[in-house]
2 protein chains.
Amino acid sequence: MSAPVRRKGPSKGDRKQEALLETAERLLATKPLAEIGIEELARGAGISRSSFYFYFESRQAMLLALLSRVSDDLVTQVVECWLEPQSDMRTTVGTSIGLAVQMWDEHGAVLLAAQNPDAPPEAQEFMADLNGRLVAATEDMIDRNRATGAAPAGPPSAHSLATMLVGMTEHTISHNAGALGRAELVDTLTAIWHRAIFAAD
Amino acid sequence: MSAPVRRKGPSKGDRKQEALLETAERLLATKPLAEIGIEELARGAGISRSSFYFYFESRQAMLLALLSRVSDDLVTQVVECWLEPQSDMRTTVGTSIGLAVQMWDEHGAVLLAAQNPDAPPEAQEFMADLNGRLVAATEDMIDRNRATGAAPAGPPSAHSLATMLVGMTEHTISHNAGALGRAELVDTLTAIWHRAIFAAD
DNA sequence: CCCAGAGTCAACACAGTGTCGAAAAAAGTC
DNA sequence: GACTTTTTTCGACACTGTGTTGACTCTGGG
């Protein structure tokens with residue numbers, strides 16, 4: 001019986017493409033996408049400017065590739081675990097938000113670029129979809145807690161409450177990651193979530 | 001005594017400059033600054049592309065002029081009235097948020113452009129300053145209510161609470177102005193503010 | 001009438017993007 | 001190893017948009 005077929009390692013091109021993506025992510029941490037030239041990306045990966053177009057149609061197309069690289073992490077780690085029922089609400093919300101903060105630490109630059117109004121529609125749709133899933137999960141959680149009487153009924157509707165809490169979380173994480181300490185960030189967000197959902201007026 | 005000096009009406013140049021700013025604000029409502037060409041702006045004001053540079057050094061410089069046009073409204077109407085003590089907290093917060101929503105209706109496009117990471121540093125500083133004032137006013141309000149025992153003491157600290165509530169409000173208004181009705185938007189935001197500040201855990 | 005400065009614009013230089021086709025490098029086949 | 005095929009590279013080009021310059025016109029006051 002012959003030895004198992006030697007798996008073709010990643011070709012030279014695959015490695016160059018990866019190098020481009022890594023260069024891009026590195027540069028995105030220092031300045032917005034619009035200010036990153038193709039030349040700069042290409043030199044970062046050791047190829048000429050026009051070779052860049054062998055790998056990506058444009059800078060925007062590269063952003064999409066960058067997003068899909070990040071997408072797996074994001075969907076499995078954040079979306080699927082978002083508000084998974086745990087012992088008590090406080091812990092559930094706290095760990096979910098903690099997870100979101102960590103995800104931002106790792107991929108914040110890419111997500112920020114995708115949120116930019118100049119980003120291609122696909123990128124913005126990706127972000128909108130992500131947001132939509134988180135809102136839906138939150139809405140469910142609120143509805144469940146209202147059904148059991150643990151949380152007071154609306155108004156405000158579960159949907160608008162969920163929209164704003166998720167929005168607040170995204171906004172706070174992306175704008176105050178540096179200014180406020182991570183612990184204070186998570187604790188304050190958790191407290192607001194808890195009060196907004198469970199406190200009667 | 002001589003007749004009062006005839007006030008020089010706005011010169012031709014002043015009118016052209018105004019026309020440029022109006023064209024810019026109109027176009028900003030439909031697409032981001034980066035996608036607006038100088039040519040487009042110039043034609044909108046009835047001058048040639050190169051004449052644009054007689055009025056502004058660059059597209060970014062024009063954004064600053066646009067911002068300062070909006071600044072007066074913004075500072076007097078929102079910053080100065082933000083959380084002015086009224087009958088009860090609910091009303092105070094509600095009317096302040098309503099005011100912010102209205103301001104966004106009128107000048108949202110310009111403010112959105114100024115928030116963009118590609119905007120010139122001055123524009124971003126302007127927004128940061130605006131944000132800082134609102135946070136400071138909110139923080140004061142929270143501290144006052146804590147001092148009288150109307151609101152429970154922290155943690156969370158008044159500062160981080162204020163930061164996140166203001167952030168949530170900005171984010172919600174700018175991202176959900178269309179999707180949620182204005183009334184629901186104001187009511188839900190108000191409810192969250194009230195609970196976050198006054199509810200004990 | 002003449003002048004000053006306000007306003008205008010065609011023509012230019014330049015930087016960045018994206019395309020093309022020819023050539024070099026790598027991989028596969030006998 | 002010589003061959004074909006596919007992958008990868010890049011120089012040269014066309015194009016678009018920006019910002020600058022210098023000469024021109026217009027306007028109003030003395």
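All chains are named by letter (A, B, ...) in the order of the sequence lines, taking the proteins before the strands, and each is independently numbered beginning at 1.
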Find every protein N or O atom lying less than 3.5 Å from an N or O atom of nucleotides 17-20 of chain C, and list the pairs.
unit_1: C:dT17; atom_1: OP1; unit_2: A:Arg59; atom_2: NH1; d: 2.5
unit_1: C:dT17; atom_1: OP2; unit_2: A:Ile38; atom_2: N; d: 3.4
unit_1: C:dG18; atom_1: OP2; unit_2: A:Tyr53; atom_2: OH; d: 3.1
unit_1: C:dG18; atom_1: N7; unit_2: A:Arg49; atom_2: NH1; d: 3.0
unit_1: C:dG18; atom_1: O6; unit_2: A:Arg49; atom_2: NH2; d: 2.5

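- Side-chain contact between A:Leu20 and A:Ile47 is present, with heavy atoms from C-beta onward closer than 4.5 Å.
- Sorted by first then second residue, the ring-ring contact (aromatic ring centres under 6.0 Å, His included) pairs that include residues 173-192 of chain B, not counting sequence neighbours, are B:His171-B:His175.
- In this structure the side chain of A:Leu28 reaches within 4.5 angstrom of the side chain of A:Leu66, judged on heavy atoms.
- One atom, CD of A:Gln17, and another, C1' of D:dT9, lie 15 Å apart when rounded to the nearest Å.
- For B:Ser51, a side-chain nitrogen or oxygen approaches OP1 or OP2 of C:dC9 to under 4.0 Å.
- Regarding B:Met62, its CE atom lies at a distance of 11 Å from the P atom of D:dT18, rounded to whole Å.
- Comparing D:dC10, D:dT7, C:dG7 by their closest approach to the side chain of A:Ile47 singles out D:dC10.
- Residues B:His159 and A:Glu184 are not in side-chain contact: their nearest non-hydrogen atoms beyond the backbone lie 4.5 Å or more apart.
- Taking the side chain as every heavy atom from C-beta outward, A:Asn116 and A:Leu33 never approach each other to under 4.5 Å.
- A straight line from CG of B:Asp14 to C1' of D:dT27 spans 14 Å, rounded to a whole angstrom.
- Here the C1' atom of nucleotide C:dT8 and the OH atom of B:Tyr55 are 8 Å apart, to the nearest Å.
- B:Lys16 has its side chain out of reach of B:Phe54: every pair of non-hydrogen atoms, C-beta onward, lies at least 4.5 Å apart.
- Note: CZ (A:Phe56) to C1' (D:dT8) measures 15 Å, nearest angstrom.
- Nucleotide D:dG17 holds its C1' atom 14 Å from the CG atom of B:Leu33, rounded to whole Å.
- Considering only side-chain N and O atoms, B:Lys16 lies nowhere under 4.0 angstrom from the phosphate OP1 or OP2 of C:dA6.
- Counting only heavy atoms from C-beta on, B:Phe54 has its side chain closest to C:dG7 among C:dG7, D:dT8, C:dC9.
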